[in-house]
Amino acid sequence: MKPARFEYERPSDIAGAIALLQREDIAVKIIAGGQSLGPMLNLRLAQPDLLVDITGLAELKHVEESSDCIIVGACITHADMEDARVPDVTHGALPAVARSIAYRAVRNRGTIGGSLAHADPSADWVASLAAIGADVLIRGPAGQRSLAVADFVTGVFEVALEQGEMVEAVRIPRISRSARWGYYKICRKTGELAQAVAAVLHDPEQAVFRAVIGATESTPVVFTDASSLFGGNSVTERPHALDAGLADQALAAAGMTDKLDRQIHVVALRRAMDKAMRA
Amino acid sequence: MTKQGVGSRVLRKEDDRLLRGRGQFIADLRMAGLQDVAFVRSPLAHARIRGISVPPEYQGAVFTAADLTDIKPIRAVSGLPGFKVSEQPSLACGKVRHVGEMVAMCVAATRAEAEDIAASVQLDLEELPAVHDMLAGRKSDTALLHEAWGDNIFLETNVEVNIAAALDAPIKVTREISTARQCQVPMEGRGVVAHWDNRLDQLVVHSSTQMPHIVRSGLSECLGIEHGRIRVISPDVGGGFGHKGILLPEEVVLCWLTMRLGHPVRWLEDRREHLTASANCREHHYRITGYASRDGKLLGIDCEATVDSGAYSSYPFSACLEAAQVASILPGPYDFPSYRCRTWSVATNKCPILPYRGVARTGVCFALELVLDAIAREAGIEPHELRLKNLVRPEQMPFDNITKKHFDSGDYPQALSRAIAAIDLPALRERQRRGEADGRLVGLGMAIYCEQAAHGTSVYAGWGIPMVPGFEQATARVTPDGGLELRVGVHSHGQGHETTLAQVANEILGIDISRIKVLHGDTAFTPYSTGTWGSRCTVMAGGAVSRACEEIARRAIAIGAFMLKADAGTLSVRDGCVCGPAGSVTLQEIAYVWYRRPQDLPADVNPGGLEITAGYKPQRDSGTFSYGAHAAVVAVDAETGAVEILDYVIVEDGGKLVNPMVVDGQLYGGLAQGVGTALYEEMPFDGSGQPLASTFADYLLPGPTEVPEPRMFHMETLSPYTQFGVKGIGEGAAIAPPAAITNAINDALRPLGAAELLHSPVTPRRVLQAIAVARMGKAA
């Protein structure tokens, strides 16, 4: 369990990193916190020729708060979020998600950008940031572009990054003070990867009612308008109880064939909603 | 002086270095010229080796079976009638028989480079059908691992006592019960460093092992080198649990390699190797029937037990160590008149079985205790009432049970009653009637076990395995300044012997334990011993230390009598002094005279002086029987299948406890592993014999948040046969948790009419499946 040989670069600015990522003659991989890539290197599941360490890039630790959102650099750690070293525009929603990621040792090093770029279907950020309506800010040779988290994640460990592109930051929208948020995770033991996650954001002021079911065998199942799942009231009204049958059908339609698997995902969604309504 | 002797809760001496990270483990060794080894391991469970190709640039750095012409395969033969012998080549020869079997050995300056070389070696394998299911493997028309056998059965046994009398009992409960294959996962993996010492003309093998002397014997047999030219050193060992109670093929080939290359070589087991090449324990299957009277009196047990023994017979315990024991220990601490048990040790395309803390008992306890709960439900009585009706009673002690196991002492009903009282059964039943605010289902389960420990010559001679324990020896030496050195052949890898054996010596000589040094783990300076296994060290090595210290006391008294001008008959050793009615002299003063002023010694002094090697065996060597009652309260989330342990009670009787705090530690550790077996740990295999978990993300271990804080209660019923009345307790706490927890889950699910959970680990998915099956049954 020792990595295959690789070269290592630690560029001092984003342009330098992008230049290295553009090399087509070799396999290049970015490393930030290394909490997923480290084990993959040791297991030789990843055998890049070159590792580009982006933890030296000050831009990626940058945080910019505005009236409607906050932009957090890709190298902001889970612990930065957990401890609210980064201003929280979600009234405690995302710090609580951060607190539930793996173990503190992982959170100290693991980064929000790394988690999204790795796109493990069980990752907490993939589901929760999709539900909160965050965008991924992407930097590449052609400049900057952005994608909603739900569009950025295209499959299991697959994201919409082109050759030479990297995650630069995440834009997290400010949610209303009256918004209801619920996040629920089912996992075998503390710190393990989730077997089912669900997140619900009900923010009538901004006319948002979004639900996400994560830890599926593929991309998260996103309900941009979750009203119909919860009795069909308009987004400004109080939702009814979850229509479990509908949720089950949606999961089946998304390709989740196993009945018990669907069951725990539906339970996670119902409990996330329970938490949201209790909050 | 604070009391430090037998029974004292003194802090462990070894923890000063271990807790400060100053332990010296295999990977801490530094040696000039050391090179690392990585192995090419078989990717297939069963295949014929057609070829092994090594890139030209790595010729000379890769070795295969073709190079090892001068070493013998590992043979661990059992003398039990009908046992079939396997020959385990140190590097695979002709065939590979399990995933992870070593095919080639690659050596380089670093492990990473050795792995590079290993990755470049191409294997040409012709895949053969694999035996991945032991029940299928029992049938003769399946693929054969060892063709000459004609089947895949290492050993079949049958025990029968008057079973016919039970067959028409009014209550008859049959269950199919099984336990998953597990890894042992010590914190420190295995590791070997081998080099040749030219000055001593000796092979020096550092190995993370529980049994340095047995490893030396095994190496001598495989390498054809006499014992005197092999020295095995076991440094600090970070947990053994049976995983390190073995002669490793890795040890054999590293010894060969260092002799071939002339420089030190090292292999350190990594976690992937551990998980995929070493899932070696606990996989049992039982078809078991319990017979009882209407009021719950047990009339008989009839069982077919199958154990997945893996591909080879491991040295020294052999491939039948579990199945052959199952038949004799299945009755547990219960007294009933009819019994039958057939067992099969089946060779499969998995790595060879090893003993794991509890050795067979964990599976046996699981099977029997689950069936007892099923009988209690059938009889309509509380599970503890059923057990109280059938447990061996204190007035029957010593008691020979239906399989001739000799129970030395104990009060089993009291242990169970105390556990049930601690749980507060009426309150728990009321809580169940009320229901939980969060909708979860609460249940109570219990299990009681006995642990035969420190069993010796008479037991093992019957098995006829390569290792039969005899007298255990210890060397005691008073140093010239009045300290004490103890040398023992057992090894401590978490047990705390550096403290507890010092406490035993302190009890006899009164020397402060800070001045007692326990030396172990080196064949060069310790008496021969079969090592640390079978919860034997406190009984055996503790007994030997006692005998040696008693003799030291006698000799000190003889010198002291001369110095005090007193009659030896009036003197005794207390608090580090030889004391008499008219004065005393310290052991330090006696030592000074013996070593530094021999001119002051009496003419008839014992020339053996203040150093002695003494041997010990209990009055009966059939083993001590420690035992415990475990009771668990769980909450089951019927929507997700999640199980939380709300309360856990252990009432344990280990005879005289040398250090109750160390025993508490054994209970904590055993419980943690038991919780792992109950709820988390499982190495699944696919139909081609591939192990499916290769990291801790797939092979789940309980962590601090999953292991409950147990409420522990000690009883101390002395063994009539051992020094101080001690009993072995090292494994017990790992035996009962799977049964207690699963019984609690089944109790919790009763309101749903759920099918019982009968397979460990009880994963959330298995819980949901059981509930789904029950719902279908209700609907039908």
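Residue numbering restarts at 1 for every chain, and letters A, B, ... go by the order of the sequence lines.
- Looking only at distances, no side-chain donor or acceptor of B/R272 sits under 3.5 Å from a matching main-chain atom of A/M1.
- Nearest approach of A/P3 to B/A112, heavy atoms of both residues: O-CB, 4.1 Å.
- The number of heavy-atom neighbours closer than 6.0 Å to CZ of A/R44, taken from other residues, nucleotides and ligands shown, is above 12.
- Taking chain B as the reference chain and counting heavy-atom pairs below 4.5 Å, the highest number among A/Q263, A/Q195, A/R5 is found for A/Q263.
- To the nearest 0.5 Å, atom OG1 of residue B/T695 and atom CE of residue A/M40 are 11.5 Å apart.
- Put simply, the side chain of A/R188 gets close to the backbone of B/L679: a donor and an acceptor are under 3.5 Å apart.
- No more than 12 heavy atoms of other residues, nucleotides or ligands sit less than 6.0 Å from atom CD of A/E7.
- Both the backbone and the side chain of B/L768 have a heavy atom closer than 4.5 Å to some heavy atom of chain A.
- Of the listed residues A/D258, A/I186, A/N42, the one with more heavy-atom pairs under 4.5 angstrom with chain B than any other is A/D258.
- For A/K189 (side chain) and B/T705 (main-chain N/O), no donor-acceptor pair under 3.5 Å exists by modelled atom type.
- Residue B/R765 comes nearest to A/L260 through the heavy atom pair NH1-CB, 3.9 Å, listed as atom of the first residue, atom of the second, then distance.
- Top candidate by heavy-atom pairs under 4.5 Å with chain B, chosen from A/L193, A/T190, A/D261, A/I264, is A/T190.
- Judged purely by atom type and a 3.5 angstrom limit, B/E115 has no side-chain atom pairing as donor or acceptor with the backbone of A/A4.
- Residue B/P704 does not touch chain A at all, counting heavy-atom pairs closer than 4.5 Å.
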**Request:** In sequence, state the C-alpha distance, the side-chain angles, and the governing distance for B/T110 and A/K2, and then conclude on side-chain contact (heavy atoms from CB on, under 4.5 Å).
**Result:** CA-CA 10 Å; B/T110 65; A/K2 302 289 182 197; over 6 Å; no

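- Heavy atoms of B/F696 lying under 4.5 Å from chain A belong exclusively to its backbone.
- Only the side chain of B/A119 comes within less than 4.5 Å of a heavy atom of chain A; its backbone N, CA, C and O stay farther away.
- Contacts between B/E273 and chain A at a heavy-atom distance below 4.5 Å are absent for every atom of the residue.
- Contacts between B/E639 and chain A at a heavy-atom distance below 4.5 Å involve backbone atoms as well as side-chain atoms.
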